[in-house]
Amino acid sequence: MATATMPRRPTKARKYQTKILIGGQWRDSVSGKTFKTIDPSTEEVITEIAMGDAADIDLAVKAARKTFDDRKGVWRKMDARDRGRLMHRLADLIEEHIDELAELETLDNGKPIAESRNVDLPLVIDCFRYYAGWADKIQGQVVPIRGNYLCYTKKEPVGVAGQIIPWNFPLLMAAWKWGPALAAGCVSVLKPASSTALTALRLGELAMEAGYPAGVVNVVPGRGSVAGDALAKHPGVDKIAFTGSTEVGYGLMKICSETLKRLTFELGGKSPNVIFADADLDTAVQGSMLGLFFNQGQCCCAGSRLFVEDKAHDEFVEKLSKKVESRKVGDPFDPDTEQGPQVDKNQYDTIMSYIEKGNKEGAKCVTGGERLGDKGFFIKPTIFDNVTDNMTIAREEIFGPVLSVLKFRDIDEVIDRGNANEYGLAAAVWTRDIGKAHAIADGMRAGTVWVNCYDVFDAAAPFGGFKKSGFGRELGEKGLDSYTEMKTVTISLA
Ligand code: NAD
Ligand code: MN
């Protein structure tokens with residue numbers, strides 16, 4: 001995966017954008033307060049970032065509102081094709097700065113540089129280019145109604161979008177939010193996660209360089225319970241797009257009901273990954289490993305419940321453990337590293353407590369189960385075998401490098417057990433039997449089903465959850481739709 005130009009760890013002298021972007025201006029927080037962001041592989045402070053609160057959110061929403069509501073202004077009057085060109089320009093700028101952005105992502109988040117450089121960043125660029133292509137293709141229909149009328153529909157931008165994103169794919173989540181919003185003609189107030197705000201701020205700089213009019217994109221870092229909360233409450237915001245935990249989702253939905261905001265929620269998951277004995281086991285081992293351990297296990301769609309058909313169980317677990325034990329865990333700036341540290345101390349502690357619960361409740365830890373080293377939030381890739389459906393590690397989202405292996409006998413049983421969970425984000429199946437593949441694809445109540453693959457993402461393919469994994473879809477045409485309102489115009493021809 002390593003490329004010749006693999007970026008290095010930045011020196012201490014390196015300067016970062018740490019201010020708040022409001023109405024095209026970079027400013028300190030109204031309160032003057034800042035917060036520290038940490039390099040999770042060294043536990044050292046990288047820099048201090050302006051900490052936005054309700055006052056900053058208010059300024060940002062007003063700036064966004066002003067840009068959106070100005071009917072004679074640069075944004076409303078811009079031709080859709082030029083909006084697309086701006087997005088292409090931003091994509092080009094990201095590509096020009098791909099090494100720098102990957103370096104910043106790895107520094108702040110801890111993900112391996114080979115992944116930020118060769119997975120995250122290419123997906124970010126692709127997302128902007130994909131939606132750039134949509135900007136001038138958002139159109140309505142002529143509707144044949146009764147009587148002497150011309151009736152047509154058009155799709156208009158929803159307005160000011162408050163966008164709250166998590167820390168696991170900081171830039172990619174920003175792209176999933178800005179891509180459809182900007183293509184649709186919305187304006188954004190983006191609230192990045194506080195542990196990983198640096199790349200969103202740099203993205204804000206690039207958007208300004210690309211020529212976005214002031215107020216179209218605003219970036220306000222700050223605490224979720226303060227800045228995120230203020231964004232959800234603000235009457236000037238038309239829509240909240242939130243990616244994060246289901247728990248926070250409950251609260252946000254309540255708050256947003258008071259102003260009847262449009263909502264799209266991408267929440268948690270506990271996705272079943274089903275291995276039939278007739279699968280190509282080596283491919284399934286590789287795919288299942290990545291399906292859980294990719295990104296330090298910090299994926300909403302992680303295949304964290306691995307159901308293995310009983311006759312293949314022993315062989316599969318042995319192969320999988322060997323593979324997992326050979327994973328290279330360590331310095332995320334080493335181009336060969338496959339697993340870096342967890343994003344912060346909080347996540348590290350939560351994951352360790354789940355490992356403790358796994359042991360206590362009688363699961364068998366076949367590999368890992370402990371911290372790696374004594375500096376940085378590194379956890380050895382961990383597999384629990386003999387897991388049963390009622391154990392905590394089989395029910396709750398761990399969001400770390402901890403895999404639960406469960407046994408099953410037949411297909412109806414595994415569909416029932418796979419669905420016996422409050423989440424419904426993704427599912428996967430590995431088999432050579434197309435009938436079984438279809439049965440799983442059909443039977444699992446999940447927004448995405450992968451067959452003989454895992455984590456295949458594309459800007460064109462809708463993604464989102466059933467049940468408590470959220471509602472609405474991101475990516476694809478469906479993702480764009482959630483940033484538009486439909487207007488029906490009826491003209492009397494009499
Ligand atoms: P989180 O819910 O704690 O935080 C997500 C974002 O919401 C952050 O920006 C945070 O500051 C903000 N926030 C926190 N409390 C808030 C509040 N009270 N009001 C408004 N905003 C608030 O989640 P996290 O720990 O950052 O991310 C991990 C979770 O996100 C996992 O559950 C994971 O499954 C989920 N996730 C889902 C998807 C998806 O597409 N479905 C993608 C990535 C992550
Ligand atoms: Mn950080």
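Numbering of ligands and ligand atoms starts at 1, following listing order. Treat the numbers as computed from the prediction; the structure is a model and nothing was measured.
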Total protein N/O/S atoms whose distance from the Mn ion (ligand 2) is less than 2.8 Å: 4

Within 45° cone of Tyr483 ring axis and under 6.0 Å: Arg262 NZ or CZ: no

Donor-acceptor pair, side chain of Gln339 and main chain of Ile379, under 3.5 angstrom: yes

Counterpart residues, side chain to side chain donor-acceptor pair (under 3.5 Å), relative to Asp53 (two or more places apart): none

Partner set under side chain to side chain donor-acceptor pair (under 3.5 Å) for Asn168, not counting sequence neighbours: none

Test: Lys357 cationic atom under 6.0 Å from Tyr354 six-membered ring centre, within 45° of axis: yes

Quick check for students: name every N or O atom pair between ligand 1 and the protein closer than 3.5 Å, with distances.
residue  : atom   : partner : partner atom : Å
ligand 1 : 2 (O)  : Ser245  : N            : 2.8
ligand 1 : 2 (O)  : Ser245  : OG           : 2.7
ligand 1 : 9 (O)  : Ile165  : O            : 2.7
ligand 1 : 9 (O)  : Lys191  : NZ           : 3.1
ligand 1 : 11 (O) : Lys191  : NZ           : 2.6
ligand 1 : 11 (O) : Gly224  : N            : 3.3
ligand 1 : 19 (N) : Gly224  : O            : 3.2
ligand 1 : 21 (N) : Gly224  : O            : 3.3
ligand 1 : 23 (O) : Ser245  : N            : 3.4
ligand 1 : 25 (O) : Trp167  : NE1          : 3.1
ligand 1 : 26 (O) : Trp167  : NE1          : 2.7
ligand 1 : 30 (O) : Gly244  : O            : 3.2
ligand 1 : 32 (O) : Glu397  : OE1          : 2.6
ligand 1 : 34 (O) : Glu397  : OE1          : 3.4
ligand 1 : 34 (O) : Glu397  : OE2          : 2.6
ligand 1 : 41 (N) : Leu267  : N            : 3.3
ligand 1 : 41 (N) : Leu267  : O            : 2.8

Gln25, CD: over 12 other non-hydrogen atoms inside 6.0 angstrom: no

Stepwise side chain to side chain donor-acceptor pair (under 3.5 Å) test for Ser116 and Glu105: CA-CA 7 Å; Ser116 42; Glu105 197 79 312; over 6 Å; no

Polar side-chain atom of Thr484 near backbone of Asp481 as donor-acceptor pair, under 3.5 Å: yes

Geometric class of the Tyr454/Trp450 ring pair [parallel <30°, tilted 30-60°, perpendicular >60°]: tilted

